[in-house]
**Student:** 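Below: one structure in structure tokens.
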Protein chains: 2
Amino acid sequence: MVEAITHAGDGDATKRAKRSDASRQQILDVAAKLFRARGYTETSLRDIGKQVGMKAGSIYYHFTSKEELATEVLRIGVRRVHHAVVLAVEALGPTADAKSRLRAAMVAHLETLLDESDYTSAHIHCFPYVPEGLRGQLSSERKEYEEIWRKLLDDAAADGVLTPGVDRAAARLAILGALNWSLEWYDPKQGLPLHLTSGLLAAFVR
Amino acid sequence: MVEAITHAGDGDATKRAKRSDASRQQILDVAAKLFRARGYTETSLRDIGKQVGMKAGSIYYHFTSKEELATEVLRIGVRRVHHAVVLAVEALGPTADAKSRLRAAMVAHLETLLDESDYTSAHIHCFPYVPEGLRGQLSSERKEYEEIWRKLLDDAAADGVLTPGVDRAAARLAILGALNWSLEWYDPKQGLPLHLTSGLLAAFVR
DNA sequence: GTCTATAGCAAGATAGAC
DNA sequence: GTCTATCTTGCTATAGAC
């Protein structure tokens with residue numbers, strides 16, 4: 001269901017097929033789930049192993065270190081939102097206006113973050129706490145994703161639909177900040193907080 | 001400079017004077033600084049002790065556990081923003097309109113979070129990762145602070161200045177989320193991002 | 001009030017059997 | 001590919017000297 005994007009862009013498809021087996025995938029899934037729920041430092045390899053049904057030491061057959069495992073989880077996390085947002089915006093077709101594209105992007109980001117991907121929520125949740133080297137490795141993927149939003153807001157500004165008195169950088173930071181922060185208060189029992197996206201849209205675009 | 005608010009509301013002022021000495025204060029200050037920069041789990045008592053100039057074991061003379069130390073740091077953190085926001089709003093006088101009060105609250109929250117209080121930023125940074133019992137102990141203080149914002153947005157709505165199409169809960173969550181998330185990208189060299197507060201104000205109030 | 005010393009434990013990681 | 005067993009390190013916390 002999701003593996004197509006999991007390894008997208010890794011390059012060198014021939015050499016890489018070897019270890020994409022079920023165990024590896026299961027480790028990644030469990031790690032994402034626990035990193036999301038508890039955080040990076042608070043999750044031990046023993047915890048992950050227990051839920052996968054293997055001993056902590058066995059994880060080292062699939063990953064060289066906890067850090068490498070986390071790198072892969074967080075990398076998949078950015079790619080997933082990136083992919084979801086691009087898909088949602090493209091689905092509108094080339095004639096859609098800036099406001100509709102912005103709405104689609106916001107909803108897709110929120111859905112992926114809260115509902116569809118433990119990888120993405122793990123990324124958002126853990127990024128500031130993960131070892132510095134790991135953060136550096138993710139910076140290019142993060143910048144690429146940021147670019148989408150920069151463009152969305154540039155387009156809105158060019159169409160003159162951005163609320164007067166709001167500069168584009170502030171709008172981008174405010175919108176993504178508000179969306180990401182929803183991880184702190186989101187309650188799955190209440191369903192996706194779409195009043196947040198529609199509120200943001202009404203506030204920043206007119 | 002800050003102790004007045006540090007212990008405000010602890011009750012029983014007579015019994016409490018004993019251990020409010022310089023060492024205790026220094027431990028709190030260093031802990032707040034490190035919790036902000038690295039997080040709760042990533043900061044050891046040895047780290048704190050080193051910067052205070054004492055051994056880890058000595059901290060236990062002032063606090064019964066790491067958790068108790070963190071509780072105190074995070075509690076001070078909420079109280080500081082709470083206090084700063086109330087002060088900023090009250091400074092406007094009773095005739096100020098809802099928009100001005102909202103602006104003052106946003107700026108005060110941002111200033112305290114990013115610039116003035118490691119306690120507040122430690123709270124925002126660490127709260128989701130801290131042991132569950134500790135989170136429970138802070139809930140009443142957090143709710144009280146939240147009430148201020150609920151009221152600010154109720155007043156704005158009552159005055160009819162809230163942007164149409166935005167419900168009050170969404171506005172509150174979006175504004176506080178955007179402000180808190182600034183901890184992730186704030187660069188002290190750039191100064192306080194006041195374009196964020198003015199952008200939010202232009203977006204949500206008219 | 002702070003120190004030294006250490007108990008007790010859990011973590012990440014490795015080696016070799018199977 | 002996974003297990004057992006273990007090494008090493010670092011943590012919170014405690015006990016008792018000073």
Side-chain angles (χ1 to χ4, degrees), chain A residues 3 15-35 37-74 122 126 129-135 137, chain B residues 3 15-35 37-74 122 126 129-135 137:
Chain A
E3 14 186 328
K15 271 189 191 167
R16 207 171 19 74
K18 43 175 176 163
R19 286 189 179 165
S20 297
D21 55 14
S23 289
R24 184 188 161 89
Q25 195 54 242
Q26 228 191 325
I27 293 167
L28 285 167
D29 285 349
V30 169
K33 189 178 77 175
L34 293 179
F35 286 164
R38 303 185 198 165
Y40 173 72
T41 319
E42 295 78 5
T43 300
S44 71
L45 294 175
R46 288 172 168 86
D47 292 336
I48 295 171
K50 191 166 290 176
Q51 292 209 16
V52 172
M54 80 176 39
K55 296 296 176 183
S58 308
I59 295 176
Y60 287 86
Y61 177 79
H62 302 278
F63 299 91
T64 71
S65 67
K66 183 185 182 185
E67 209 168 313
E68 197 208 62
L69 168 56
T71 308
E72 189 118 354
V73 168
L74 299 212
C126 297
Y129 299 90
V130 109
E132 198 184 313
L134 206 166
R135 285 204 297 279
Q137 286 192 16
Chain B
E3 359 170 353
K15 271 188 191 166
R16 207 172 17 74
K18 45 177 174 164
R19 284 189 180 165
S20 297
D21 56 14
S23 290
R24 184 188 161 89
Q25 196 53 242
Q26 228 191 325
I27 293 167
L28 285 166
D29 285 349
V30 169
K33 189 178 78 176
L34 293 181
F35 287 163
R38 301 185 200 166
Y40 174 73
T41 319
E42 295 78 4
T43 300
S44 71
L45 294 174
R46 286 173 167 91
D47 292 336
I48 296 170
K50 192 167 287 176
Q51 293 210 15
V52 172
M54 78 175 43
K55 296 297 177 181
S58 308
I59 295 177
Y60 286 86
Y61 176 80
H62 302 278
F63 300 91
T64 71
S65 67
K66 185 185 181 185
E67 209 168 311
E68 197 207 62
L69 168 56
T71 307
E72 188 119 356
V73 168
L74 298 214
C126 297
Y129 299 89
V130 109
E132 199 185 312
L134 206 166
R135 284 203 298 277
Q137 286 192 16

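Quick note on labels: first sequence line is chain A, next is B, and so on, each numbered from 1.
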**Student:** Between C1' on dA11(C) and CD on E42(A), what's the gap in Å once rounded to a whole number?
**Tutor:**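 The answer, rounded to whole Å, is 13 Å.
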**Student:** For Y61(A) and dT4(D), what is the distance between atoms OH and P respectively, to the nearest whole Å?
**Tutor:**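 Rounding to the nearest Å, OH of Y61(A) and P of dT4(D) are 18 Å apart.
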**Student:** Ignoring hydrogens, what is the shortest heavy-atom contact between T43(B) and L34(B)? Give both atom names and the distance.
**Tutor:**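 Scanning both residues completely, I find the closest heavy atoms to be OG1-O, 3.3 Å.
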**Student:** Quick test: give all pairs of protein nitrogen or oxygen and nucleotides 12-15 of chain C nitrogen or oxygen below 3.5 Å, distance rounded to 0.1 Å.
**Tutor:**
| residue | atom | partner | partner atom | Å |
| --- | --- | --- | --- | --- |
| dG12(C) | OP1 | K66(A) | NZ | 2.9 |
| dG12(C) | OP2 | L45(A) | N | 2.9 |
| dG12(C) | N7 | R46(A) | NH1 | 3.1 |
| dG12(C) | O6 | R46(A) | NH2 | 3.3 |
| dA13(C) | OP2 | Y60(A) | OH | 2.5 |
| dA13(C) | OP2 | K66(A) | N | 2.9 |
| dA13(C) | O5' | Y60(A) | OH | 3.1 |

**Student:** Between the two end axes of the helix from dG1(C)-dC18(D) to dC18(C)-dG1(D), each built from 5 base pairs, what angle do you get to the nearest 10°?
**Tutor:** 0°
**Student:** Between P on dG10(D) and CG on D47(B), what's the gap in Å once rounded to a whole number?
**Tutor:** 11 Å
**Student:** Check S58(B) against M54(B) and note the closest heavy-atom contact, atom names and distance.
**Tutor:**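 Scanning both residues completely, I find the closest heavy atoms to be CB-SD, 3.6 Å.
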**Student:** A side-chain contact here means heavy atoms from C-beta on lying under 4.5 Å apart; do R24(B) and E72(B) qualify?
**Tutor:**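 A side-chain contact exists here, since the closest heavy-atom pair is under 4.5 Å.
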**Student:** Applying side chain to side chain donor-acceptor pair (under 3.5 Å), name anything that partners K66(B), two or more places apart in sequence or on another chain.
**Tutor:** none
**Student:** Taking all atoms of both residues into account, what is the closest heavy-atom pair of Y40(A) and Y129(A), and its distance?
**Tutor:**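 Heavy atoms of Y40(A) and Y129(A) come nearest at CD2-O, 4.5 Å.
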**Student:** What are the two closest non-hydrogen atoms of V30(A) and V52(A), and how far apart are they?
**Tutor:**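 Where V30(A) meets V52(A) most closely, the heavy atoms are CG2-CG2, 3.7 Å.
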**Student:** Are Y60(A) and L45(A) packed together at the side-chain level, in the sense that at least one heavy-atom pair is separated by less than 4.5 angstrom?
**Tutor:**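 SC-SC contact between Y60(A) and L45(A) confirmed.
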**Student:** What's the CE-C1' distance between M54(A) and dT4(D), to the nearest Å?
**Tutor:** 15 Å
**Student:** What's the NZ-P distance between K50(A) and dC3(D), to the nearest Å?
**Tutor:**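 It is 13 Å, rounded to the nearest whole Å.
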**Student:** Send over the distance from F63(A) CZ to dT2(D) P, rounded to a whole Å.
**Tutor:**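 Computing the F63(A):CZ to dT2(D):P distance gives 12 Å.
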**Student:** When you compare the side chain of D29(A) with that of Q25(A), does any pair of heavy atoms fall below 4.5 Å?
**Tutor:**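 A side-chain contact under 4.5 Å exists here.
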